[in-house]
Protein chains: 2
Amino acid sequence: MDEKKSRIVAVAKEMIALYGFKKTTMDEIAAKARMGKSSMYYYFKNKEDIFAEIVRIDSDHFRKKLNDTIQSAYSPQDKIMQYVRTRMLHLKELSNYYKTLTNEYLDHYFFIEQVREDFYNFENKTLSDLINEGIQQNIFAPCDVDLVVHMIAIAIKGLEYPLFVQKELDLERDSKQMMEIIFKGIEVRA
Amino acid sequence: MDEKKSRIVAVAKEMIALYGFKKTTMDEIAAKARMGKSSMYYYFKNKEDIFAEIVRIDSDHFRKKLNDTIQSAYSPQDKIMQYVRTRMLHLKELSNYYKTLTNEYLDHYFFIEQVREDFYNFENKTLSDLINEGIQQNIFAPCDVDLVVHMIAIAIKGLEYPLFVQKELDLERDSKQMMEIIFKGIEVRA
DNA sequence: TTTCGACTAATTCAGTTTTTTGGTCTAATA
DNA sequence: TATTAGACCAAAAAACTGAATTAGTCGAAA
């Protein structure tokens, strides 16, 4: 059961990465997964459902990766810095993998919105926790945490920009610099 | 001569704002400008040329507006802050005015790229000058000016984001907060 | 120098047919 | 009972076609 499901997901993921969601047909997926088309409907409600599963799994991995990153860093600054760095690099990979997808991304599917919102909440909570941690350790000055998180989110959006306009920039360097500036803005002054 | 040219531009601008570039026909522009269609070809090379002129004029106005804004502020911080504020509000107006255009914006016309680059250079120089001014007045600590400008540009991109995703946020407040954080990062410490 | 009507090649558009596609149903299979 | 697949359908997309628009040209007139 699970083997079949993940086989379908794996095949679909591969093809969608290559050809995009619309251009990947159920017949093709079925053929490549070596099963009849209608068999797939035993495991998934419909085409979108398969895609939703792909996105869900990817999103889970992403979150785990980010949590690991945070745990292997020490200071709050480093945690946040590494969080942003990992986030940007992963996004870059992603936008590279799903190259054809970024175009039809505009016709956004409803479940993507859902995942996006979930991730937004995850990110918000994660960053809030880290800022609060920094404040408690007397590294960051007491401040409006939500506001700072919002500012970091805006900075991240700005850093994301080149990914969607095919501009080649040094993401890693830029992320680092940007976060350093923000840290200076919230650190306790000596 | 100039009167005719600007009449064509004015009419074209109005119609393009309403219907977009593609849906606005030369016949319609001619009719509304009260002249034969082919007469327009005496003043402009082609349809794109008219559009290019509109963009050029708008861009000039925008720059003047920004320069005025800078001149009517005092401290470097205030100048930069007001610059960003004006820039964001103007962009919001613009994206509102050319609402139908934002969609076909994707099929980007080459001359837009040109204007974009020109503006990028203008912005870079303007911000560099302001940062340098701040350093000379011993308000900002000596730093890598290009880098700081680049970071401000990234922050601006992040602030722009909601404009293109129809998200309603408080641009003015966010711009202010973001710039305050960046200032804290580069100001001379007491 | 400036204007315009007549013209054209190229593109767009509306309407139609043909093909493909997502999804269902039923009967067979293991 | 759980799973598979082949035949099938309605709906959507693609391909085609001829008519209508459109951007742009030209020569003659004002």
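Quantities reported herein were computed from a predicted structural model and do not represent experimental measurements. Below, chains carry the letters A, B, ... as their sequence lines are ordered, and counting in each starts from 1.
When rounded to the nearest whole Å, the span between CD of B:Glu28 and C1' of D:dT21 equals 11 Å. The distance from atom CD1 of A:Ile8 to atom P of C:dG22 is 14 Å, rounded to the nearest whole Å. D:dT22 atom P lies 10 Å from atom NZ of B:Lys23, rounded to whole Å. Distance A:Phe44 CZ to C:dG22 P: 15 Å, rounded to the nearest Å. We find that OH of A:Tyr41 is positioned 15 Å from C1' of D:dG6, with the value rounded to whole Å. Distance A:Met35 CE to D:dA2 C1': 14 Å, rounded to the nearest Å. Summarising the geometry, the separation between CE on A:Met40 and P on D:dT4 is reported as 12 Å, rounded to the nearest angstrom. Between the NZ atom of A:Lys47 and the P atom of C:dT24 there is a distance of 14 Å, rounded to whole Å.
Side-chain N/O atoms of B:Tyr42 include none lying less than 4.0 angstrom from OP1 or OP2 on C:dC4. A sub-4.0 Å separation between OP1 or OP2 of D:dT3 and a side-chain N or O of A:Tyr43 is absent.
A salt bridge between A:Lys157 and B:Glu160 is absent, with no side-chain N of the basic residue lying under 4.0 Å from a carboxylate O of the acidic one. Ion pairing between a basic and an acidic side chain is recognised when a charged N comes within 4.0 Å of a carboxylate O; B:Asp60 and B:Arg56 show such pairing. Under the 4.0 Å criterion applied to side-chain N and carboxylate O atoms, A:Lys64 and A:Asp68 are not assigned as salt-bridge partners.
Annotation: B:Phe62 is in aromatic contact with B:Phe119 [ring centroid separation under 6.0 Å].
B:Met178 places none of its side-chain heavy atoms less than 4.5 Å from the side chain of B:Val84.
Each of A:Arg34 and B:Lys45 has a nearest nucleotide on DNA chain D; the 5'-most of these lies closest to A:Arg34.
Few gaps surround OH on A:Tyr97; more than 12 heavy atoms of other groups in view lie less than 6.0 Å from it. The environment of NZ in A:Lys125 is sparse: at most 12 heavy-atom neighbours from other residues, nucleotides or ligands sit within 6.0 Å.
Residue B:Met26 places its side chain closer to D:dA23 than to any other of C:dT21, C:dT2, D:dA23. Side-chain atoms of A:Asn46 lie closest to C:dG23 of the nucleotides C:dG23, C:dC4, D:dG24. The listed nucleotides are C:dT2, C:dG22, D:dG24; the one nearest the side chain of B:Lys4 is C:dT2.
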Under 3.5 Å, which N/O atoms of the protein pair with N/O atoms of nucleotides 5-11 of chain C?
residue, atom, partner, partner atom, Å
C:dG5, O6, B:Ser38, OG, 2.5

